[in-house]
Number of protein chains: 2
Amino acid sequence: MARRSDHTREELTRMALDAAHAITADEGLRGLRARQIARDIGYTIGTLYNLFEDFDDLILHMNGETLDALYRTCSEVELKGDPTEDLEALADRYLEFTRGHQQQWSAVFEHTLPRGRAVPDWYSEKVAKLMELEARALAPLFPGGNPDRIAHHARVLWTSLFGMALVESAERLPEGETARSLVRSLIGTYVAGLKDNRKGEL
Amino acid sequence: MARRSDHTREELTRMALDAAHAITADEGLRGLRARQIARDIGYTIGTLYNLFEDFDDLILHMNGETLDALYRTCSEVELKGDPTEDLEALADRYLEFTRGHQQQWSAVFEHTLPRGRAVPDWYSEKVAKLMELEARALAPLFPGGNPDRIAHHARVLWTSLFGMALVESAERLPEGETARSLVRSLIGTYVAGLKDNRKGEL
DNA sequence: AAATATATTGAACATTGTTCAATTAAATGT
DNA sequence: ACATTTAATTGAACAATGTTCAATATATTT
């Protein structure tokens, strides 16, 4: 059989990625199988390979959507102009998302491409965009400061936040400690340090 | 054929893990195959399964050794008593190791166990031991301070360092930025922040 | 209505981790 | 010295994986 107008190519891709997210959400990336996705959307495996280059390509698209979703929810945070407050609000959103989508979040860094195959540009851009969010919240600390320095400190905080979320999701934090408690100390102390540095400059 | 006294069980395990490290080092965890390990040590796949419960067990042991090696090289760092200097020395060692063993380091967090299978205790302990190293360097900042607070701040720095190493190894840092430059800012600023907080307490 | 184009299928393939009865060599007993 | 027991080693066999592609069935176009 061949059904032509059941679903457009775009609809099929959407269905496949939805199925992939669902499977990943409750079985983890390890439990994701091409045949299972096909079965879930009512098509065969051949059709799946008509939509994606290969399994890695499918996973990249799925993980790309996870990054998009994280970006979307973080960019909704309204910045008040107070760096500490704004950074905390951003971090809280970030952690809220990674907790609510643990398996999908884990999939983002569990997946690797085979040797010699580069991460596509459209994917790298999604990662880069996430880091820019942090810079906006930090900016007030550097009135008239050069953007490179702001970006640098934004990367410090962002990569740290990333590490905390990761360690928490791997359940490697002792009782009573959470990514949130770590982030609170990080932001509070780091912002204090930045202000202190600035005093030294004057 | 069955050779009994060619190698002891311990020797075989050692050979198998060495082979696994070597393959992982130049092909990544993705390229690690049970049959390849067996071939490399001159035995068949059946023997490999006599040494390890299954492939996950083999990977856990390999990654455990990577954690051990990281711990060993970091614990060699001589602490001078100056927190900033000591933390930087520790971080440098850490990053030196993760750069020199990128693939093996990546393998540590790329690997996950199937759903429902818990990380063994002996493995979790290796992770926990690593975090204690940081606490020793931080201690001078909290004369007579309670150990829990020191441990907390050690975790902040350690998880941050972890995130930076990870982002660097995933090659997601822009030109000119390195994990080392990020760590320098983190430690310098964070320690300044801690001193500032202390002033507020007096 | 015939011809063309293409979405869809599913059998087939190489490779994977895993199992286990058969085999062979060492250790032990007589 | 030989027979018996023990266990390390083998490799064929299995189910499941990602991947391919000629055959097929349905739209679309002529």
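These numbers were taken from a predicted model, which means no experiment stands behind them.
If you check distances only, the side chain of Arg33(A) never reaches the base of dG18(D) with a donor-acceptor pair under 3.5 Å. Looking at Arg9(A), its side chain has no donor and acceptor atom pair within 3.5 Å of the base of dT6(C).
Here the P atom of nucleotide dT10(D) and the CD1 atom of Ile41(B) are 9 Å apart, to the nearest Å. Following rounding to the nearest Å, His7(B) (NE2) and dA26(C) (P) show an atom-to-atom distance of 14 Å. Between Ile23(B) atom CD1 and dT16(C) atom P the separation is 11 Å, expressed in whole Å. The CZ atom of Phe52(B) sits 14 Å away from the P atom of dT9(D) (whole-angstrom rounding). As rounded to whole Å, 14 Å separates atom C1' of dT6(C) from atom CG of Leu12(A). One interatomic measurement links the two molecules: CE of Met15(B) to C1' of dT9(D), which rounds to 13 Å at whole-angstrom precision. Between the CG atom of Asp54(A) and the P atom of dC21(D) there is a distance of 14 Å, rounded to whole Å. Rounded to whole Å, the distance from NE2 on His111(B) to C1' on dG17(C) is 12 Å.
Few gaps surround NZ on Lys126(A); more than 12 heavy atoms of other groups in view lie less than 6.0 Å from it.
Residue contacts shown for Leu48(A) are absent, as no nucleic acid heavy atom lies under 4.0 Å away. Using a 4.0 Å heavy-atom cutoff across all strands shown, Leu58(B) reaches no nucleic acid atom at all. Nucleic acid contact class of Phe55(B) (heavy atoms, under 4.0 Å, all strands): sugar-phosphate only. Heavy atoms of Leu32(A) sit under 4.0 angstrom from primed sugar atoms or phosphate atoms, though from no base atom. Residue Ile59(B) is classed as having no contact, given no heavy-atom separation below 4.0 Å to the nucleic acid.
In terms of modelled atom types and a separation under 3.5 Å, the side chain of Arg198(A) and the main chain of Leu141(A) share a donor-acceptor contact. Side-chain atoms of His111(B) never come within 3.5 Å of backbone atoms of Ala107(B) as a donor-acceptor pair (strictly under, hydrogens ignored).
In terms of position along DNA chain C, the nucleotide closest to Asn50(A) lies nearer the 5' end than the nucleotide closest to the other residue of the pair Arg39(B) and Asn50(A). A residue-by-residue look at Gly46(A) and Arg35(A) shows that Gly46(A) has its nearest nucleotide of DNA chain C further toward the 5' end.
A salt bridge is absent between Arg180(B) and Glu168(B): the closest approach of a Lys/Arg side-chain nitrogen to an acidic carboxylate oxygen does not fall below 4.0 angstrom. A salt bridge does not link Arg72(A) to Asp68(A): none of the charged nitrogens lies less than 4.0 Å from a carboxylate oxygen.
Considering only side-chain N and O atoms, Thr47(B) lies under 4.0 angstrom from the phosphate OP1 or OP2 of dT10(D).
With dT19(C), dG11(D), dT20(D) as the candidates, the nucleotide lying closest to the side chain of Tyr49(B) is dT19(C).
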